[in-house]
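Contents: one structure, followed by commentary.
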Amino acid sequence: MRAAPAATFDVFEKSIVDLLAAQRSGTVTSRDLVEKYLARIRAYDQDGPRLNAIIALNPRALDEAAALDAERRAGKVRGPLHGIPIVVKDNYATTGMPTTAGSLALSGFQTGRDAFMVKKLRDAGAVIVGKTNLHELAYGITSISSAGGQTRNPYDPSRNPGGSSGGTGAAVAASFAAAGMGTDTCGSIRNPSSENNLFGLRGTIGLSSRDGIVPLSHSQDIGGPLARTVTDLLIMLDATVGADERDAVTRASRGYIPPTYQGTVGDAGLGDVTIGVLTPLFGTAPEDAEVAGIVRSTFDDLKSLGAGVVEVPFPELDDLLRDTSVINAEFKFDLLDFLAPFPSAPMRSLGDIIQSGRFHPAVEAVLRRANEVTDRDSESYRTTLARREAARKAVLEVMNERGITAFVYPTLRRKPAAIGEPQGGSNCQLSAATGLPAISMPAGFTQDNLPVGMDLLGGPWSEPTLLKVAYAYERLVAPRRAPKTTPPLIAGASSR
């Protein structure tokens with residue numbers, strides 16, 4: 001007897017477009033898809049390579065998928081995310097699941113509501129399979145937490161997956177869901193994208209709402225998607241961006257968001273694009289050389305698409321970016337404000353979390369340092385804000401003077417560090433300090449088969465242009481390569 005089509009359908013490396021088509025044809029249901037992703041999570045998250053990417057599963061995922069299947073049978077299809085399983089980072093508020101931000105101090109914390117972007121995803125028909133681990137309270141880039149432990153890189157489980165959205169990065173790379181949501185305060189979407197051979201976008205500040213996201217720094221926080229393909233990224237963006245009355249900064253997005261990002265990429269070449277090679281961010285240490293060489297090897301591809309590629313020395317950049325982070329100055333107060341509307345929250349402040357002792361030792365130093373800040377509006381804080389504005393102005397001036405469409409540089413100058421070692425080489429601060437958008441896209445692999453990514457940073461609201469470059473590059477190069485530790489399942493079990 002021939003197996004039913006659903007039994008032979010494999011979600012491994014399937015795009016959102018593939019999954020939507022399979023549902024439309026009747027090959028699979030949304031419930032089938034959720035079951036298949038759950039099988040992969042069972043096989044590879046706590047077994048096999050033990051990626052430890054998922055911090056909590058959605059207990060209602062199968063029921064929610066079944067309800068969406070009923071809608072489809074009744075002739076109602078919400079759009080390209082209808083019935084599509086995704087994962088979200090565990091600093092997004094979610095109904096029906098705790099929101100811990102990776103901290104045992106927030107164990108069991110129920111917000112009773114969805115974050116704005118989570119609600120938009122649900123409204124679009126997405127099924128949240130589960131929530132992903134992160135660097136505790138999003139304050140770090142190796143994705144270790146007291147609630148979730150250490151997430152491992154599916155390309156080499158002895159190495160970290162980037163952070164702080166490392167659980168999302170590892171989960172999407174390992175096909176635990178079609179795509180996922182992360183947050184980026186200083187590289188936390190882009191670093192995991194780089195280290196997991198994914199595309200990830202940090203948008204212009206104001207592109208998407210921070211409502212319902214456990215904050216790290218209101219001046220630098222933004223949420224966004226990580227995906228295996230540019231088209232999946234476009235679909236996730238369409239579903240999640242836009243103005244929100246709960247987040248005043250999103251008012252600035254009005255007039256800058258296209259009806260659909262899918263309509264902005266097209267088949268045209270890049271003859272109107274000039275890419276500036278931001279020399280200072282390639283590094284000069286011997287440890288920077290391998291990644292720098294991999295990123296530079298992509299320039300011929302970009303040129304073949306019609307783009308101009310020019311070196312931009314920008315010797316003042318290091319000084320401009322120095323002392324531009326406001327994370328330490330804002331975290332304590334932003335967390336206090338976030339917790340205030342939740343009287344049942346297990347903690348009321350950063351001080352409470354520290355006093356509880358229920359956090360990972362890896363974050364103790366940064367938590368204590370942040371808790372020592374006494375004033376929301378100090379002289380040093382105002383000086384930092386002024387430095388940020390000066391850096392933004394200078395970067396835009398160089399772009400205008402040189403006719404630069406986007407800067408290119410390694411997302412991280414060094415390959416994923418071994419677990420337990422610090423991750424060096426972050427280039428996160430340029431986008432974080434200026435509020436300008438940056439997309440990380442795969443550049444290649446090191447000699448020991450570890451992914452390397454490169455950032456493209458553009459002017460305000462230049463997301464359509466960055467996505468156009470990424471889409472054209474992806475079509476030419478096909479840079480996606482699945483990790484060998486999480487292959488297709490055979491009869492619902494690991495084939496390894």
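The figures here come from the full heavy-atom set of this structure, side chains too, leaving out hydrogens, waters and symmetry mates. Owing to the predicted nature of the structure, the values given are computational and were not obtained by experimental measurement.
No donor-acceptor contact under 3.5 angstrom links the side chains of Glu136 and Ser145, judged on distance only. Judged purely by distance below 3.5 Å, without hydrogens or angles, the side chains of Ser440 and Thr411 pair a donor atom with an acceptor atom. Defined by atom type and a distance below 3.5 Å, a donor-acceptor pair is missing between the side-chain atoms of Gln150 and Ser143. Between the side chains of Asp455 and Tyr409, at least one donor N or O sits under 3.5 Å from an acceptor N or O. Under the 3.5 Å distance criterion, with hydrogens and angles disregarded, no donor-acceptor pair is assigned to the side chains of Ser209 and Lys120. Side-chain contact check for Thr29 and Asp32: at least one donor-acceptor pair (N or O, by modelled atom type) lies under 3.5 Å. There is no side-chain donor-acceptor pair under 3.5 Å between Thr151 and Asn52.
Between Asp69 and Arg73, none of the side-chain N atoms (NZ, or NE/NH1/NH2) sits under 4.0 Å from a carboxylate O, so this pair counts as no salt bridge. The residues Asp63 and Arg60 are annotated as salt-bridged, a charged nitrogen and a carboxylate oxygen being separated by less than 4.0 angstrom. Using a cutoff of 4.0 Å between basic side-chain nitrogens and carboxylate oxygens, Asp184 and Arg190 are scored as salt-bridged. Under a 4.0 Å N-O distance rule, the pair Asp114/Arg122 qualifies as a salt bridge. Between Asp211 and Arg113 there is a salt bridge, with a side-chain nitrogen of the basic residue lying less than 4.0 Å from a carboxylate oxygen of the acidic one. Salt bridge status for Arg480 with Glu13: present, with a side-chain N to carboxylate O gap under 4.0 Å.
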Requested in this report: Mind running side-chain contact (heavy atoms from CB on, under 4.5 Å) on Val241 and Tyr261 for me, showing each step along the way?
Outcome: CA-CA 10 Å; Val241 300; Tyr261 281 103; 3.9 Å; yes

> Which is it for Gln262 and Ile235 under the side-chain contact (heavy atoms from CB on, under 4.5 Å) test, yes or no, and what are the steps along the way?
Replying inline: CA-CA 7 Å; Gln262 296 176 74; Ile235 292 170; 3.8 Å; yes

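Val452 has its side chain within reach of Thr446: a pair of non-hydrogen atoms, C-beta onward, lies under 4.5 Å apart. The closest side-chain heavy-atom distance from Ser15 to Arg228 is not below 4.5 Å. You'll find the side chain of Leu270 reaches within 4.5 Å of the side chain of Val469, heavy atoms only. Between Ser175 and Thr486, the closest side-chain pair of non-hydrogen atoms is not below 4.5 Å. Side chains of Ile54 and Asn133 form no contact here, defined as non-hydrogen atoms less than 4.5 Å apart. The closest side-chain heavy-atom distance from Lys89 to Ser164 is below 4.5 Å. Put simply, the side chain of Arg202 reaches to within 4.5 Å of the side chain of Ser431, judged on heavy atoms. You'll find the side chain of Cys186 reaches within 4.5 Å of the side chain of Gln429, heavy atoms only.
Of all heavy-atom pairs spanning Leu233 and Gly200, the tightest one is CD1-CA, 4.3 Å. The minimum heavy-atom distance between Ala173 and Pro154, with the atom names listed, is CB-CG, 4.0 Å. The two atoms that bring Pro225 and Ile189 nearest to each other are O-CG2, 4.0 Å, heavy atoms only.
Evaluation of the side chain to side chain donor-acceptor pair (under 3.5 Å) test over residues 74-85, restricted to residues two or more places apart or in two chains, returns Glu71-Arg78. Sorted by first and then second residue, the disulfide bond (SG atoms under 2.5 Å apart) pairs involving residues 31-104 (not counting sequence neighbours) form an empty list.
Annotation: side chain to side chain contact (heavy atoms under 4.5 Å, CB included) contacts of Leu33 (sequence neighbours excluded): Phe9, Val11, Leu19, Gln23, Val28, Pro85. With sequence neighbours excluded, no residue forms a ring-ring contact (aromatic ring centres under 6.0 Å, His included) with Phe12. For the side chain to side chain contact (heavy atoms under 4.5 Å, CB included) test, residues two or more places apart in sequence or in another chain that qualify with Asn449 are Arg481. Remark: Asn91 engages Thr183 in a side chain to side chain donor-acceptor pair (under 3.5 Å) (not counting sequence neighbours). For Arg31, the side chain to side chain donor-acceptor pair (under 3.5 Å) criterion is met by Glu35, not counting sequence neighbours. Among residues two or more places apart in sequence or in another chain, the ring-ring contact (aromatic ring centres under 6.0 Å, His included) test is passed with Phe109 by Phe342. Residues meeting the side chain to side chain donor-acceptor pair (under 3.5 Å) test with Asp47, sequence neighbours left out: none. Judged as a side chain to side chain donor-acceptor pair (under 3.5 Å), and not counting sequence neighbours, the contacts of Thr260 are Asp238. With sequence neighbours left out, Tyr139 forms a ring-ring contact (aromatic ring centres under 6.0 Å, His included) with Phe331. With sequence neighbours left out, the side chain to side chain contact (heavy atoms under 4.5 Å, CB included) criterion links Asp156 to Ser158, Arg159, Leu450.
In this structure, CG on Leu350 lies 7.5 Å from CG on Leu137, to the nearest 0.5 angstrom.
Just one residue in the list Asp334, Asp247, Asp244 forms a salt bridge (Lys or Arg N to Asp or Glu O under 4.0 Å) with Arg210, and that residue is Asp247.
Atom CZ of Arg251 has 12 or fewer heavy atoms from other residues, nucleotides or ligands within 6.0 Å. Dense packing is recorded around NZ of Lys468, with more than 12 heavy atoms of other residues, nucleotides or ligands lying under 6.0 Å away.
Remark: side-chain polar atoms of Asn153 are paired, donor with acceptor, to backbone N or O of Asn160 under 3.5 angstrom. Side-chain atoms of Asn196 come within 3.5 Å of backbone N or O of Pro192 as a donor-acceptor pair. A donor-acceptor distance shorter than 3.5 angstrom exists from the side chain of Thr229 to the backbone of Asp232, with no hydrogens or angles considered.
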